[in-house]
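The structure under discussion appears below in the form of structure tokens.
Read the numbers this way: they start at 1 and go in the same order the structure lists the ligands and their atoms. Keep in mind that this is a model prediction, so the values were computed, not measured. Heavy atoms only: backbone and side chains are in, while hydrogens, waters and symmetry mates are out.
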Amino acid sequence: MPTSKTSPYDVIIVGAGINGCTSAYFLSQAGLKVVLVDKTGIASGGSGAAGAFISPKFYKQGPLKELMDVAYDEAMLFYSTALSSHILLKPLLHMSQDENEEPVYLEQGAVVDARAACEALAEGIDFYRLDIQSPFYRDNMWHCGDLQSSHLVLTIGAYPKILPIDYVGLRGIWGHRIDITTSSDVPHIFHHYVSISPTLKEGVVAIGATHDVHYSPFDSDTTYDIESGRALLLENASKTLKLDNIKILKDYTGLRSGSNDYMPMLGSLVDTGATQALHPHLQHGKAVDSKEFVYYPHLTMINGSGGYGFVLAPYLAKRLKEYLVDGIPLDESISPSRYFPRWAKRKKG
Ligand SMILES: Cc1cc2nc3c(=O)[nH]c(=O)nc-3n(C[C@H](O)[C@H](O)[C@H](O)COP(=O)(O)OP(=O)(O)OC[C@H]3O[C@@H](n4cnc5c(N)ncnc54)[C@H](O)[C@@H]3O)c2cc1C
């Protein structure tokens, strides 16, 4: 456990999913002293449950597709070079449930071993199992328990927020993946009603989906029914492929967190109280340049990657490194502050 004598870090990263681990990797490779903390363990959230397919966004054009195309290329290069023993290159057949959309066969699809990849990225980086609540900035340092750093990075996915940032709209969607053995051949990755895919483990096939918008482990009134979840996955898989002699090996469950506008988030966080005090007319809908907002100092958040966390993580972590180490400004269009003006106006009522 860290003690109050632990010398300060350049960066504390809270949350050791794919976003936290990839950020830790890029920042420590750039020479920063980084510590990664997680309340449960590495890849214990949505990342550990992920199918972790690396694919571009199919169909709809627009800013998300443009960003995803770049992120996909960067992800393929990153995993194939930095994590070559944790990526399986396989063609991917994407069949939309919308009959108007043609199936897409992607020669260069891939699947990453989600947990192993996170662990490999975090290797050699200080790690503590800590539940961080209400981190604070004092004397030019962020304080998380006994840990201190010049900069704080929050990568906590769909978990309850640890700062008062209600304006950041995030939705958790519950997912379930099963590893199985089957006597049937699964020649490539299928994305249809569910995903069906060979894995890096010889003879093991993964079936998974994130589709349950109603269940959340943070809602104490409900418990997730693993048996029904398995049955639903297998039923949906059978609509795509006939899988014989199925034996279930393991279940993985978790939440992925998506943003309201489906774009990922990378950027500083607005201190809502200080900003509203400085710009009271925000509540009347008056436009204020985002540069005029008050931000938490030296704090960056990565979140809201939806079903593309593994595709986007290298792209986002690389921009975080360029921002912190090379002084390159972050892309304003994916800043979480984009949600703030609307929230501040609504607060009026
Ligand atoms: C079933 C399933 C299938 C998926 N398939 C794909 C896919 O094929 N391709 C793809 O790209 N993406 C996929 N995703 C989405 C992807 O998994 C997520 O986008 C990604 O995992 C998000 O990573 P993250 O690091 O932001 O969050 P998470 O992995 O959820 O990590 C957050 C971490 O923060 C920790 N934490 C939270 N609060 C605190 C606190 N207060 N103190 C300390 N630690 C804290 C948690 O313990 C957790 O480990 C899938 C998701 C699921 C669930």
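- Ion pairing between R177 and D179 holds under the 4.0 Å rule for side-chain N and carboxylate O.
- Note on E74 versus R319: salt bridge recorded, some NZ/NE/NH1/NH2 to OD/OE distance being below 4.0 Å.
- Remark: minimum distance from atom 42 (N) of ligand 1 to any protein heavy atom is reached at I132 N, 3.0 Å.
- Remark: minimum distance from atom 8 (O) of ligand 1 to any protein heavy atom is reached at F53 N, 2.8 Å.
- Considering backbone and side-chain N/O of G309, one or more are found under 3.5 Å from N/O of ligand 1.
- Here CZ of R338 is found 9.0 Å from CG of N260. Values are rounded to the nearest 0.5 Å.
- Close approach to L130 involves these atoms of ligand 1, each under 4.0 Å from a residue heavy atom: 42 (N), 43 (C).
- Side-chain atoms of H151 and T300 include a donor-acceptor pair closer than 3.5 Å.
- Annotation: T210 places no N or O atom under 3.5 Å from an N or O atom of ligand 1; distance criterion only.
- Inspection of the S150 and D10 side chains reveals no N or O donor paired with an N or O acceptor under 3.5 Å.
- Among the atoms of R177, none of the N or O lies under 3.5 angstrom from an N or O of ligand 1.
- Under the 30°/60° scheme for interplanar angles, the aromatic rings of H94 and F58 are found to be tilted.
- Nearest to atom 44 (N) of ligand 1 among the protein's heavy atoms is K39 N, 3.0 Å.
- Near H176, with a cut-off below 4.0 Å to any heavy atom, the atoms of ligand 1 are 1 (C).
- Ligand 1 has a nitrogen or oxygen under 3.5 angstrom from a nitrogen or oxygen of I18.
- Atom 31 (O) of ligand 1 has its closest protein heavy atom at G17 CA, 3.6 Å.
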Item to complete: Kindly determine whether D126 and K33 satisfy salt bridge (Lys or Arg N to Asp or Glu O under 4.0 Å), including the steps that lead there.
Response: CA-CA 9 Å; D126 286 359; K33 189 177 174 206; 5.9 Å; no
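- Per-residue contacts place S44 under 4.0 angstrom from the following atoms of ligand 1 (heavy atoms of the residue considered): 47 (O), 49 (O).
- Looking at atom 21 (O) of ligand 1, its nearest protein heavy atom turns out to be S47 OG, 2.7 Å.
- Under the 3.5 Å distance criterion, the side-chain polar atoms of T155 are matched with a main-chain donor or acceptor of G15.
- Geometrically, ligand 1 and G175 share no nitrogen or oxygen pair separated by less than 3.5 Å.
- Using a distance-only test at 3.5 Å, with no hydrogens or angles considered, a donor-acceptor pair links the side chain of S44 to the main chain of G41.
- No donor-acceptor distance shorter than 3.5 angstrom exists from the side chain of S337 to the backbone of F340, with no hydrogens or angles considered.
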Practice prompt. Go through K345 and Q283 one step at a time and tell me if the side chain to side chain contact (heavy atoms under 4.5 Å, CB included) criterion holds.
Written response: CA-CA 4 Å; K345 188 178 168 194; Q283 66 172 311; over 6 Å; no
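- D38 and R129 are not joined by a salt bridge, as no carboxylate oxygen comes within less than 4.0 angstrom of a charged side-chain nitrogen.
- If you number the atoms of ligand 1 from 1 as listed, the ones under 4.0 Å from a heavy atom of Q133 come out as 41 (N).
- Counting only non-hydrogen atoms, the option in L316, L36, N19, L255 that gets closest to atom 24 (P) of ligand 1 is N19.
- If you check each of I13, L312, T22, T155 against atom 32 (C) of ligand 1, the one with the closest non-hydrogen atom is T155.
- Summary of contacts: the protein heavy atom closest to atom 49 (O) of ligand 1 is D38 OD2, 2.6 Å.
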Practice prompt. Could you go through the salt bridge (Lys or Arg N to Asp or Glu O under 4.0 Å) check for K161 and D166 one step at a time?
Written response: CA-CA 8 Å; K161 292 166 181 159; D166 289 348; 5.1 Å; no
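- Remark: ligand 1 atoms within the under-4.0 Å shell around heavy atoms of G15 are 33 (C), 34 (O), 35 (C).
- Atoms of ligand 1 found under 4.0 Å from any heavy atom of D131, numbered from 1 in the order shown, are 40 (C), 41 (N), 42 (N).
- Ligand 1 places these atoms under 4.0 Å from at least one heavy atom of F310: 10 (C), 11 (O), 12 (N), 17 (O).
- The protein atom (non-hydrogen) at minimum distance from atom 50 (C) of ligand 1 is A50 CB, 3.6 Å.
- For a threshold of 3.5 Å applied to N or O pairs, the pair formed by G254 and ligand 1 contains no separation below that value.
- Less than 4.0 angstrom separates some heavy atom of V311 from each of these atoms of ligand 1: 11 (O).
- The shortest N/O to N/O separation between G46 and ligand 1 falls below 3.5 Å.
- Using a 4.5 Å heavy-atom threshold, the side chains of I196 and T240 count as touching.
- Closest heavy-atom approach to atom 19 (O) of ligand 1 within the set S305, G307, G306, S257: this belongs to G306.
- For ligand 1, the polar-atom distance check against A209 finds no nitrogen or oxygen pair separated by under 3.5 Å.
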Discussion item. Evaluate K39 against L130 for side chain to side chain contact (heavy atoms under 4.5 Å, CB included), listing each step before the verdict.
Written reply: CA-CA 5 Å; K39 63 175 164 189; L130 291 174; over 6 Å; no
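- Between the side chain of T275 and the backbone N or O of V294, at least one donor-acceptor pair lies under 3.5 Å.
- With hydrogens left out, the protein atom closest to atom 37 (C) of ligand 1 is Y159 CG, 3.3 Å, a heavy atom.
- Between G51 and ligand 1, at least one pair of N/O atoms sits closer than 3.5 Å.
- Taking a 4.0 Å cut-off on heavy atoms, A52 registers as neighbouring ligand 1.
- For the pair K239 and Y193, the cation-pi test (distance below 6.0 Å, angle within 45°) is passed.
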